[in-house]
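Scroll down for the structure; my scribbles are underneath it.
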Amino acid sequence: MIKKEKYLQKLLPQKFYQRDTVTVAKELLGQLLFHFDGINLTLGRIVETEAYLGEGDAASHSFRGVTPRCRTMFARAGKAYIYQIYGVHHCFNITTELPEIGSAVLIRALEPLEGVELMQRRRGRYNLRDLCSGPAKLVQALGIKKEHDGLSLAEGVIGVSRHGLSVGEVIYTTTRVGITKAADLPLRFYIKDNQYVSKK
DNA sequence: GATTGGATCGCCT
DNA sequence: GGCGATCCAATCG
């Protein structure tokens, strides 16, 4: 189980994230998100993302400036921003742009690829399509915790490894899921016809 | 100090 | 398709 090394070799550099949030959200599609918990590696291919902007986006936690919850959104690009939602779940984001811009990309769905058995145990679900087809589902499947908030993806504990889109795969753009403010902005991106996205 | 509601999920009908 | 779980950040007074 030395699989970890081959993914670390292709770790996306910090500069990948320190760019326009919409660009990062689109270019994360097809890449490989992993978590190494010290013993086991779980990994999936990113098939759905959403951009949360640092300016003019009322749905973004950063809309009214720095608060205790969203302070990580104002950290350097390429860090994990993890928050609790509905009292019971957690969501995983990656910070983008320059630190003064409170922006991030929400990872909404993965195609499970490595450590599938462990994901199934963590989820208590066995159908592959039920493992990572939602932001809180993939956090649970990968074993990501709120303690990882602020962690740099350059550490290689949680990280994204390069792996582009396949030939013929097309990116679809829609409005974001589950928000009421700024609900009309086209900031959700997913791989068209992919069976692992959270919603069509 | 109190109230409100949320970047969700899974079970129920 | 509807709704309860369950907590705390954000907002208001």
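Protein chains get the first letters and strands the later ones, always in sequence-line order, with residue 1 at the start of each.
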Base, sugar-phosphate, or nothing: which does A:Arg125 touch, judged by heavy atoms less than 4.0 Å apart?
->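 Counting heavy atoms under 4.0 Å across all strands, the contact made by A:Arg125 is with sugar-phosphate only.
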
Tell me what A:Ala136 touches on the nucleic acid: a base, only sugar-phosphate, or nothing, going by heavy atoms under 4.0 Å.
->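 Answer is sugar-phosphate: A:Ala136 comes under 4.0 Å of backbone atoms only.
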
Pairs: protein N or O with nucleotides 7-12 of chain C N or O, under 3.5 Å:
| from | atom 1 | to | atom 2 | distance (Å) |
| --- | --- | --- | --- | --- |
| C:dA10 | OP1 | A:Thr67 | OG1 | 2.1 |
| C:dA10 | OP2 | A:Thr67 | OG1 | 3.3 |
| C:dT11 | OP1 | A:Arg64 | NE | 2.6 |

To the nearest angstrom, how far is [X] atom [atom1] from [N] atom [atom2]?
X	N	atom1	atom2	answer
A:Lys199	C:dG1	NZ	P	11 Å
A:His89	B:dG6	NE2	P	15 Å
A:Arg129	B:dC9	CZ	C1'	17 Å
A:Asn93	B:dA7	CG	P	11 Å
A:Tyr52	B:dG6	OH	C1'	11 Å
A:Phe63	B:dA7	CZ	P	14 Å

Can you list the steps and then say if A:Glu114 with A:Tyr7 is a side chain to side chain donor-acceptor pair (under 3.5 Å)?
-> CA-CA 11 Å; A:Glu114 298 270 14; A:Tyr7 296 115; 2.7 Å; yes

Between B:dG10 and C:dC8 - C1' atom distance, rounded Å |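 Going atom to atom, C1' in each nucleotide, I get 22 Å.
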
Nearest-angstrom distance, C1' atom, B:dG5 to C:dC3 |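 Result for the C1' pair: 15 Å, nearest Å.
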
Paired nucleotide for B:dT8 [Watson-Crick or G-U wobble; both distances under 3.5 Å] |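 Checking every strand shown, B:dT8 finds its partner in C:dA5, with both distances under 3.5 Å.
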
Nucleotide forming a Watson-Crick or wobble pair with C:dT11, both distances under 3.5 Å =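 B:dA2 - that is the nucleotide pairing with C:dT11, both distances being under 3.5 Å.
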
Given that A:Arg123 and A:Thr180 both sit by DNA chain B, which one's nearest nucleotide is further toward the 5' end?
->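 Nearest nucleotide further toward 5': that of A:Thr180.
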
Side-chain N or O of [X] closer than 4.0 Å to phosphate OP1/OP2 of [N]:
X	N	value
A:Arg108	B:dT8	yes
A:Lys181	B:dA7	no
A:Arg176	B:dT8	no

Are the charged groups of A:Arg176 and A:Asp57 less than 4.0 angstrom apart, N to O?
->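 Looking at A:Asp57 together with A:Arg176, the answer is yes, because their closest N to O distance falls below 4.0 Å.
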
Tracing side-chain links under 4.5 Å among I, L, V, M, F, W and Y, which residues wind up in one group with A:Phe74?
->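 A:Phe74 clusters with A:Tyr52, A:Val66, A:Met73, A:Tyr81, A:Tyr83, A:Ile85, A:Tyr86, A:Val88, A:Leu106, A:Ile179.
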
Working for side chain to side chain contact (heavy atoms under 4.5 Å, CB included), residues A:Ile46 and A:Arg108 | CA-CA 8 Å; A:Ile46 299 171; A:Arg108 283 197 56 90; over 6 Å; no

Cation-pi check, A:Arg19 onto A:Phe16 ring (under 6.0 Å, within 45° of axis) =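 Verdict for A:Phe16: a cation-pi partner in A:Arg19.
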
Any chance the side chains of A:Gln14 and A:Arg76 put a donor and an acceptor closer than 3.5 Å?
->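 Yes, because at least one side-chain N or O of A:Gln14 sits under 3.5 Å from a partner of the opposite role on A:Arg76.
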
Quick one: pull up CG in A:Leu151 and NZ in A:Lys79 and give me the separation to the nearest 0.5 Å.
->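 Reported value, rounded in 0.5 Å steps: 9.0 Å.
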
